[in-house]
Every structure is written in structure tokens, then in C-alpha cells.
Amino acid sequence: MEDPRPTGSPLDAAADIADSHVVDAFKLLSNETRLAILLALWEEYEPFADGNTVAFSELLDRVEYDTSGNFSYHLQKLEGHFVETTADGYRLKQAGHRIVRAIIAGRGLADVTLPPTEIDADCTMCGEPLAIAYENEHLYTVCTGCGGKFSAGEEKPSGTVMGFAFDPAGLARSSAEEIFAASTFRAMQKFTMQMGGLCPDCSGPVDSSIHVCEDHDSDGICTNCGRRDEIKGRWVCTVCKNSGHGPPGDNLVLHPRVVAFYADRGVDIGYNTTDFETIVRTLELMTTHDQELVSTDPLRVRVTVRYGGDELRLVIDESMDVVDVEA
Ligand SMILES: [Zn+2]
Ligand SMILES: [Zn+2]
Ligand SMILES: [Zn+2]
């Protein structure tokens, strides 16, 4: 089959995206009243409701604008691109929904931080309590005892064990444990999509590859690659450059054969849950997955999952597809 991925220069692709109608669309939004109109339409919007339109007079009331003449002018500017007009009034188009969702999620808008807050889970490497911290729109899990999994030079809080992109809206939960579980579950799902070749951000095709440290020092954090794991998977979206990385043994945790292996032994590893206990158990089991380089040409890595004396082995190729399963 022909490779469906775009082959042109990424700059050309970016130039296409930045052509005049996109610039015009962004210009339309640089006005307080227009943003208020989008937010007012969104407030009135009910998922699964019929119609979802708002009458002109109601919209004018909600936005609390003085003169209807000027208000119509702003509303007209949004029509077509972000707002749709029907016989009953106005409603958001998909593009309008996306803009409002980005505003609600707080992406790139507010500098939200959360100082390290201890959670009811311990570091699997040193046994000391873990904490969560939020900065740069990432939720970090940090160890209060050891140096974590990353070298000190990286732009991560010290002692970082895991760090995942997480929208500020994700912090709207009542406990640090709930925030931790939601962020971890979201990351697991994103890794699963990336492993399947789908960008969780833009739906574009993802390139997966495996990197093996050539001079790995497995005693703590390697001075050559700056990581604890010798074998790492990497994903890069060929369209939006969204990227991720992690040991393949971790990222196979939601593979159907792995989920089934644990389920057959009475262990639920949280295929679809933000339950804190389940997420912690899943993470603990993940750390027991061994990964081993079995050949370099072709590149093959074997991930071994063990439970109660039983083993499941999955062999993956250079693009992290599972090519063999040995039970
Ligand atoms: Zn630790
Ligand atoms: Zn290394
Ligand atoms: Zn993408």
C-alpha cells in the first residue's frame, strides 16, 4: 500500500494553513463583544438538545450590549465561520465550539500552577511518598525522596517521575488524588492512540520509532541518555509536531492482550477508569514489565508481563507494532 503520509515540506504545509482565510478568521475574534457572543451561545447550548438556537433579543440580553445596531454588526462578522443563522436564531458552528472549548480548557491563556501536593501513593523506586505539581500546562508526578526518572538539566520539577500535558480545566477536581488519576488515565489513552498511529491532538498520522541508548548505564539515571530506561519509544505527529515518549513496556499496558492477561488473573488494570486505586495499581504493574532488545536488524524488542508465576511476552517492531505474542 502506498504511504499516505504527506511528503511535502512542513513549511509549505504551514504556509497553506496560514493562508488569508485563517488569518481573517483569527482577526474576527480579536474583539471582546464577538468573544462574548460565542460564550453566550455556548452557555445556552445543551448537548443532545434539539435546535440549540438563541434568538437575537435573548442573545443581546445575555451579552448585555447597549445598541442593537452595533451588536448586529459584530454578530454578522461571526456568521458563516463561527456562527450559523437559522429561522429560529443563532447557534455555534463546529469552529465556534472549538474556540470556546479552548477558552474553557484554559489552554495557553492563564499561567496556572500548583505547588507540590502529596498524594496517597509511594514511589516504586524508593518507597517515599509521591506528590503532584502543575506548571507549563503539564501535571508532574514528583518523588519526595529520590531524584525521579529524569536528569536535573531538563525543564521539569526536580524528582519528576512522570509528566503529562494536561489542560488547566483538568485541575477542577476535589482532591490531588483525583487530579493525578485523571492526568494519568488521559496520558495512557493518548499513548494508546499514538501507538495506533493517530495524533490525539489533531488526528494526523503519527510516526513511531524506538531508540536504544548505545552506552546505557542502568544504575540510576544514565549519564548518556539522561533516562532510567535503555529502550524508549518516541511518537511525533507528522502534521502538528505533537510528540510523546516513554518505555514501550509502559505504553503497552492497555494492549488488549495485556488487559486480558491481567483480567484472567482477577486483576482489573483500569482500561477505562479514573479511579485512583486502579490507576495506582496499573502504574505499579507497569513498572514490572521488562523490556529487552532481541535483535537490531530487524529491530525487535520483547516486553515481558509477569503475574503470579505466569508470563506474557509481546514482541514489537521498530514502529512499535506488536508483531508476535507468546503466552
Ligand atoms: Zn522515589
Ligand atoms: Zn542511556
Ligand atoms: Zn497532530
Side-chain angles (χ1 to χ4, degrees), residues 105 112 114-135 137-150 156-157 159-195 200 228-229 233 244-291 303-312 314:
V112 180
L114 176 76
T117 308
E118 260 185 42
I119 56 170
D120 188 19
D122 298 329
C123 175
T124 51
M125 294 178 290
C126 75
E128 293 297 313
L130 292 171
I132 56 166
Y134 190 76
E135 56 185 71
E137 301 201 357
H138 277 66
L139 191 83
Y140 294 100
T141 302
V142 296
C143 178
T144 57
C146 71
K149 280 193 163 192
F150 298 87
K156 292 181 173 63
T160 293
V161 177
M162 309 188 291
F164 303 126
F166 197 55
D167 295 317
L171 300 177
R173 290 184 161 77
S174 56
S175 70
E177 280 79 10
E178 282 177 33
I179 295 169
F180 167 84
S183 148
T184 309
F185 174 63
R186 189 166 191 279
M188 285 175 184
Q189 292 288 0
K190 279 175 84 170
F191 280 135
T192 303
M193 288 174 89
Q194 284 169 330
M195 298 274 288
R228 275 179 192 268
D229 301 290
H245 62 89
D250 284 8
N251 299 311
L252 280 173
V253 72
L254 295 186
H255 189 278
R257 295 296 295 265
V258 178
V259 175
F261 173 82
Y262 284 121
D264 286 347
R265 285 149 189 89
V267 182
D268 174 11
I269 62 157
Y271 155 70
N272 197 4
T273 181
T274 54
D275 172 61
F276 178 69
E277 309 293 329
T278 312
I279 292 285
V280 170
R281 178 165 64 238
T282 307
L283 286 170
E284 281 171 3
L285 287 168
M286 242 158 72
T287 63
T288 68
H289 296 179
D290 276 342
Q291 39 187 39
V303 172
T304 305
V305 178
R306 293 187 182 87
Y307 195 83
D310 298 330
E311 274 189 12
L312 173 73
L314 300 105

Note to self: Is it true that, when you exclude Arg257 itself, more than 12 heavy atoms of the residues, nucleotides or ligands shown sit nearer than 6.0 Å to its CZ?
What the structure shows: no
Using 0.5 Å steps for rounding, measure from the [atom1] atom of [X] to the [atom2] atom of [Y].
X      : Y      : atom1 : atom2 : value
Phe276 : Asp120 : CZ    : CG    : 5.5 Å
Leu312 : His255 : CG    : NE2   : 9.0 Å
Met188 : Asn251 : CE    : CG    : 9.5 Å
Thr141 : Lys156 : OG1   : NZ    : 12.5 Å
His245 : Gln194 : NE2   : CD    : 10.5 Å
Tyr307 : Leu285 : OH    : CG    : 6.5 Å

Any non-hydrogen side-chain atom of [X] less than 4.5 Å from a side-chain atom of [Y]?
X      : Y      : result
Met286 : Thr124 : no
Met125 : Cys143 : no
Tyr134 : Ile179 : no
Pro157 : Pro116 : no
Leu283 : Met162 : yes
Thr278 : Phe185 : no
Met195 : Leu254 : no
His289 : Val253 : yes

For residues [X] and [Y], report the shortest heavy-atom separation together with the two atoms involved.
X      : Y      : value
Gly249 : Val303 : CA-CG1, 3.7 Å
Asp167 : Arg186 : OD2-NH2, 4.2 Å
Ala165 : His138 : N-CD2, 3.4 Å
Ala176 : Thr117 : CB-CG2, 4.0 Å
Pro247 : Asp229 : CG-OD2, 3.5 Å
Phe180 : Val280 : CE2-CG2, 4.1 Å

Margin query: Closer than 3.5 angstrom, by distance alone: can the side chain of Thr144 be matched with the main-chain N or O of Pro129 as a donor-acceptor pair?
Written below: yes
Check: Sequence neighbours excluded, which residues qualify as ring pair (Phe, Tyr, Trp, His ring centres under 6.0 Å) partners of Phe261?
Finding: none
